[in-house]
K.L.:
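Sharing a structure below in structure tokens format, with a few things to ask.
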Amino acid sequence: MIEEAAVSTQDELKRLADALEKTRIQTIFLEKRVADRLSHDDASIFHTHLMILEDRGFLNKVRRNIAEGHSASYALLHVVTEYIEAFERMEDPYLRERAADMKDIGRRILSHLTGKGHRKPVLKHPGILVAREILPSDMASLDHEKIKGIVTEAGEKNSHAVIMAKSLGIPAIVGVKKALGHISPEDHLILDANSGCLYISPPEHIVEEYKRLEEDCQIELSKLAESRNLPARSKDGVEVSLRANIGLISDIDVALRNGAEGVGLYRTEFPYMARSSFPDRDDQYQLYRKVVEGFEGRPVTIRTLDIGGDKGLPYFQLPREDNPFMGWRSVRVSLDNRDIFRTQIEAILMAGVHGPVKLLFPMISSLEEVETCKEVVREARENLEQAGLPCAGDIPLGVMIEVPAAVLLLEELTQEVDFFALGTNDLIQYLLAADRNNPLVSKYYDPLHPAALKVIHQVTRTAIYRGRDVCLCGEIASDPMIFLVLFGMGLTEFSMAAPFIPRVKAFLHNIPASVAKEAAREVLTMSDTRHIRQHLGEVLQGLNGFFRCPTGP
Ligand code: PEP
Ligand code: MG
């Protein structure tokens with residue numbers, strides 16, 4: 001804590017007011033810088049900072065402390081520390097991460113109070129930034145061209161700073177304990193964010209291997225860029241649709257640059273996460289409209305809110321649950337908060353006026369849920385009509401197939417909806433009872449488990465037979481070995497993180513559908529994951545060892 005000299009309450013309150021005003025101006029500047037470099041949406045974190053700066057509860061606490069005879073600096077540190085500790089104690093990883101925002105604001109007000117100003121970290125040379133923690137204002141003010149990577153000791157992978165780094169294409173690893181103690185500025189570092197590995201002054205053979213990988217990747221990426229606008233087609237001419245999974249507005253540009261044919265999954269919870277209260281209908285409409293217009297006539301599948309599990313909102317209290325992934329999450333939260341749900345659907349229907357939109361409901365496990373969702377769509381439509389607001393006529397309705405119960409109810413669901421989105425990230429975790437985020441059970445979470453393949457095959461076959469579109473939007477679509485089987489099962493619509501699209505497209509150009517079909521047929525008869533993997537490895541080898549960069553972009 002800061003040493004206190006004798007202070008005058010009036011002077012200290014005045015100093016605080018000045019520092020708050022300077023911090024406010026600085027925050028507006030940071031918001032503008034991020035909005036110019038990334039997008040308004042990514043910059044909205046600084047809106048949250050502005051709201052904290054105007055939060056009466058927070059300011060009154062600091063003022064009360066000053067009135068008790070403390071200096072402004074002491075009072076500020078005291079209150080900010082209290083807030084940080086409260087956030088850090090929270091179970092919800094999203095709320096826990098808000099401690100970083102509080103630190104950021106506290107640090108900036110304090111630097112204005114002490115008159116030292118905000119020391120902007122200056123990078124002399126391009127390199128990897130190693131820090132104890134990186135806060136949103138650091139990300140906003142650093143020279144992005146010079147940062148080749150980020151390593152931090154503290155922080156969470158869902159932090160605003162890391163999301164910003166990702167949007168800027170800067171690889172980052174967080175939570176590297178004692179990184180600063182182990183790394184000195186002279187060390188030569190190799191940061192492999194794909195595998196989460198950091199090499200400190202590695203031996204020559206590792207350096208050589210990474211140099212070779214980097215060169216290969218650059219050559220391959222420039223080749224892939226050429227094929228960006230070519231159709232996604234197999235060697236023998238079977239057309240496939242490759243769409244993007246998006247969450248932030250800045251993802252639109254990334255998706256278009258990588259040749260995405262629209263959006264297979266728009267995770268709308270991301271923009272909700274960056275705000276400090278529920279966006280109203282008009283805010284949501286403007287946001288969705290921007291996405292729809294950004295894709296210029298290509299289809300955009302908008303999924304309703306999927307919070308809960310590992311995704312929380314700072315302003316919406318989720319209960320503490322022993323099994324949050326099996327708990328009150330996703331469409332269950334929406335159905336129990338019908339006003340919030342209806343408002344979101346109204347905004348989606350309004351955005352549907354500006355381009356082809358599909359409406360997707362997550363985590364469906366029963367027909368009753370689908371019936372209620374459709375009822376809410378009817379109510380939303382009626383509300384808009386009554387208010388005289390334009391809304392899309394018929395928009396296709398779909399459900400995510402990500403709970404095993406939905407697989408068993410697929411025939412019935414085909415009577416209710418227009419399309420399916422196969423959410424294998426969750427489907428695999430629920431099917432194999434293996435938490436998708438728990439490294440202790442990652443060996444059980446195997447997409448090539450024979451049961452997982454059988455279930456995906458069953459969904460694909462039924463959807464095709466019943467004439468329903470089915471798009472697979474789990475992460476597995478970008479893995480060539482798994483893609484081969486999925487394509488061989490008859491899936492022709494995929495949605496993935498956009499940077500993988502050119503690679504999957506190039507892979508597809510090299511495989512005849514007949515080879516994929518035969519590979520799928522063969523592995524569906526196998527009951528041992530090792531044999532499945534071995535067989536697919538052999539098939540891939542037969543396709544000229546196509547992939548040299550093993551883990552994607
Ligand atoms: C899924 O579960 O496969 C999916 C795509 O949704 P999310 O990863 O957002 O849960
Ligand atoms: Mg899911």
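For clarity, every value in this text was computed on a predicted model and none was experimentally measured. Numbering of ligands and ligand atoms starts at 1, following listing order.
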K.L.:
Does Glu293 use its side chain to pair, donor to acceptor, with the backbone of Lys290 at less than 3.5 Å?
P.N.:
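Side chain of Glu293 to backbone of Lys290, a donor-acceptor pair under 3.5 Å: no, none is there.
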
K.L.:
Could you work out, with ring-ring contact (aromatic ring centres under 6.0 Å, His included) as the rule, every residue matching Phe46, not counting sequence neighbours?
P.N.:
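Residues passing ring-ring contact (aromatic ring centres under 6.0 Å, His included) with Phe46: His49.
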
K.L.:
At what distance is the nearest protein heavy atom to atom 4 (C) of ligand 1, and which residue and atom is it?
P.N.:
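Protein heavy atom with the smallest distance to atom 4 (C) of ligand 1: Asn425 ND2, 3.7 Å.
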
K.L.:
Which one of Gln429, Arg303, Glu475 has a non-hydrogen atom at the shortest distance from atom 6 (O) of ligand 1?
P.N.:
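It is Arg303 that holds the nearest heavy atom.
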
K.L.:
Could you name each residue pair satisfying ring pair (Phe, Tyr, Trp, His ring centres under 6.0 Å) that touches residues 454-496, not counting sequence neighbours?
P.N.:
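Of all non-adjacent pairs touching residues 454-496, those that pass ring pair (Phe, Tyr, Trp, His ring centres under 6.0 Å) are Phe483-Phe494.
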
K.L.:
Walk me through it: do Asp253 and Arg257 pass the test salt bridge (charged side-chain N to carboxylate O under 4.0 Å, His left out)?
P.N.:
CA-CA 6 Å; Asp253 199 39; Arg257 260 190 282 127; 3.7 Å; yes

K.L.:
Find all atoms of ligand 1 within a distance of less than 4.0 Å from any non-hydrogen atom belonging to Leu265, and give their numbers and elements.
P.N.:
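Those atoms are 5 (C).
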
K.L.:
Looking only at protein heavy atoms, which one is nearest to atom 5 (C) of ligand 1, and how far off is it?
P.N.:
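Closest protein heavy atom to atom 5 (C) of ligand 1: Cys473 O, 3.4 Å.
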
K.L.:
With a cut-off of 4.0 Å, which atoms of ligand 1 are near a heavy atom of Arg436?
P.N.:
2 (O), 7 (P), 8 (O), 10 (O)

K.L.:
When you compare ligand 1 with Gly423, is there at least one nitrogen or oxygen pair between them that comes in under 3.5 angstrom?
P.N.:
yes

K.L.:
Is the backbone N or O of Ala260 less than 3.5 Å from a side-chain atom of Asn258, with the two atoms forming a donor-acceptor pair by type?
P.N.:
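Not confirmed, Asn258 side chain does not pair with Ala260 backbone.
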
K.L.:
Which heavy atom of Ala477 sits nearest to which heavy atom of Ser495, and what is that distance?
P.N.:
CB-O, 4.3 Å

K.L.:
Please list, in number order, the atoms of ligand 1 under 4.0 Å from a heavy atom of Asp306.
P.N.:
9 (O), 10 (O)

K.L.:
Does CG belonging to Asp280 count more than 12 external heavy atoms closer than 6.0 Å?
P.N.:
yes

K.L.:
What are the two closest non-hydrogen atoms of Gly262 and Phe295, and how far apart are they?
P.N.:
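Here Gly262 and Phe295 meet closest at CA-CD2, 3.9 Å.
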
K.L.:
Using a cut-off of 2.8 Å, find all protein N, O or S atoms closer to the Mg ion (ligand 2) than that distance.
P.N.:
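Less than 2.8 Å away from the Mg ion (ligand 2) sit Glu402 OE1, Asp426 OD2.
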
K.L.:
For ligand 1, which is the ligand I care about here, please tell me if Glu402 has any N or O atom under 3.5 Å from one of the ligand's N or O atoms.
P.N.:
yes

K.L.:
Using the ring-ring contact (aromatic ring centres under 6.0 Å, His included) criterion, which residues pair with His354? Sequence neighbours excluded.
P.N.:
Tyr285

K.L.:
Might you point out which heavy atoms bring Leu230 and Lys505 nearest each other, and give the distance in Å?
P.N.:
O-NZ, 2.8 Å

K.L.:
Give the contacting part of Asp426 toward ligand 1: side chain, backbone, both or neither, where contact means a heavy-atom distance below 4.0 Å.
P.N.:
both

